[in-house]
Amino acid sequence: MQNFKGFIVREEGSEIKAELETLSLADLSEGNVVIKVEYSSLNYKDMLAFQKNGGVIRNYPQIPGIDLAGTVLNSKDPQFKKGDQVLGAGYGLGVDHTGGLSEIARVPGKWLTKLPDTMTTRTAMTFGTAGLTAGLSIDALLKAGMKPADEVLVTGATGGVGSIAVAILKQMGYQNLTALVRKQNQVEIARKLGADATLDANTLKNGKPMQHQIFDHVLDTVGGDVAASLLSMVKVGGAMSMCGNAGGNQLKTSVLPFILRGISLLGIDSITPPAKVQDRVWQKLATDWDVSEQLVVDEISLSDTLSVIQKLKEGQHLGRTIVKVQ
């Protein structure tokens with residue numbers, strides 16, 4: 001097989017260097033399916049993978065990219081054959097296994113999902129890990145009793161996961177949907193995605209274990225003090241899903257919302273969800289939850305990756321960025 005292009009992240013002394021290089025199969029981790037990658041996407045976790053002590057990549061060199069979609073070149077897994085279109089998200093991609101920011105990937109078949117019939121590889125990465133996470137969060141909240149008439153709040157509402165979640169919930173008929181925003185320029189974007197109202201994150205009060213009951217359900221993508229504050233605002237019998245830590249790893253709260261209001265805290269695992277759950281969510285994203293045309297999406301080439309990584313690092317990134325790899 002000919003050489004191909006891909007990003008390599010290397011540790012050089014006290015620094016991390018990331019460059020687009022010419023690679024070969026010898027640079028890829030082991031796997032039983034070889035894929036011609038057509039699209040990947042850039043997520044908050046990808047940004048961390050490019051940082052020193054980002055907590056994502058621990059062994060170097062590594063090819064980042066936590067998701068991918070493309071066409072099978074060859075396979076030793078009986079579930080896949082040459083020419084199949086597949087997508088992969090989570091597991092070890094771009095973390096401890098070479099990932100999607102490369103023209104060729106080699107992946108264990110058990111990490112892959114066949115592309116739904118009505119979905120293109122581009123649409124798959126318009127959703128990407130962010131879409132899978134949003135879908136898993138909504139799925140968990142629905143099981144907890146969330147209904148279209150409920151007061152629902154989504155944090156990080158103009159980011160990857162949050163923007164997709166807002167658009168899906170609006171398409172599902174939710175009428176009391178609030179988007180948590182931090183900057184004025186995010187208000188209009190959240191409204192266009194389908195939010196009925198916005199709440200300024202800077203007005204949240206921290207440190208109070210119990211506040212006025214405002215929301216039936218919260219879909220949190222941020223964590224940290226934002227999540228702690230919102231927990232105290234969930235109504236009796238409500239629930240809050242958690243899938244991110246951009247606001248911090250610590251959750252400074254008390255037991256009171258749980259024992260006095262009976263709320264549920266739902267952890268969302270988008271890294272190793274059961275295959276049948278992941279397949280169900282992708283099918284939903286390809287059909288009833290297909291909001292790909294409504295999202296704020298930028299398409300870039302592999303060579304543009306570092307500039308978007310910098311925007312993610314500076315908190316200047318909005319919506320979704322997909323990478324056209326080929």
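Each residue takes its place number in the sequence, starting with 1.
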Item to check | Audit row: E21, R10, salt bridge (charged side-chain N to carboxylate O under 4.0 Å, His left out) steps and yes/no | outcome: CA-CA 12 Å; E21 299 183 13; R10 302 181 187 276; 2.9 Å; yes
Next on the checklist: Show, in sequence, the C-alpha distance, side-chain angles and deciding distance for D216 and K147, and conclude whether the salt bridge (charged side-chain N to carboxylate O under 4.0 Å, His left out) test is met.
Outcome noted: CA-CA 9 Å; D216 294 286; K147 303 179 294 297; over 6 Å; no
Checklist entry - Under the salt bridge (charged side-chain N to carboxylate O under 4.0 Å, His left out) criterion, do E103 and K5 qualify, and how do the steps go? => result CA-CA 6 Å; E103 292 178 335; K5 294 289 186 181; over 6 Å; no
Next on the checklist: As a quick check of understanding, evaluate side-chain hydrogen bond (donor to acceptor under 3.5 Å, both in side chains) for K313 and Q51, giving each step before the final call.
Outcome noted: CA-CA 9 Å; K313 183 178 180 181; Q51 310 305 315; 3.2 Å; yes
Checklist entry - Could you walk me through whether K276 and D279 pass the salt bridge (charged side-chain N to carboxylate O under 4.0 Å, His left out) check? => result CA-CA 5 Å; K276 62 180 181 180; D279 289 348; over 6 Å; no
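Within 6.0 Å of CD in E15 there are 12 or fewer heavy atoms belonging to other residues, nucleotides or ligands. For K36, the NZ atom sits in a loose shell: 12 or fewer heavy atoms of surrounding residues, nucleotides or ligands are nearer than 6.0 Å. In the displayed structure, K311 atom NZ is contacted under 6.0 Å by at most 12 heavy atoms of other residues, nucleotides or ligands. Heavy atoms of other residues, nucleotides or ligands lying less than 6.0 angstrom from CD of E314 number more than 12. Atom CD of Q310 has more than 12 heavy atoms from other residues, nucleotides or ligands within 6.0 Å.
Side chains of S75 and K82: no donor on one and acceptor on the other come within 3.5 Å. A donor and an acceptor atom, one from each side chain of T71 and E38, are located under 3.5 Å apart. Counted by atom type alone, T287 and D290 present zero donor-acceptor pairs between their side chains at under 3.5 Å. Between the side chains of R320 and S41, at least one donor N or O lies within less than 3.5 Å of an accepting N or O. For the residue pair T129/D67, the side-chain donor-acceptor check at 3.5 Å is satisfied.
Applying the side-chain hydrogen bond (donor to acceptor under 3.5 Å, both in side chains) test to S301 and every residue at least two apart in sequence or in another chain returns S303, D304.
Between Y91 and W111, the ring planes are parallel. Angles under 30° get that label, and only those over 60° would be called perpendicular.
Between L23 and the options I8, I104, N3, a side chain to side chain contact (heavy atoms under 4.5 Å, CB included) holds for only I8.
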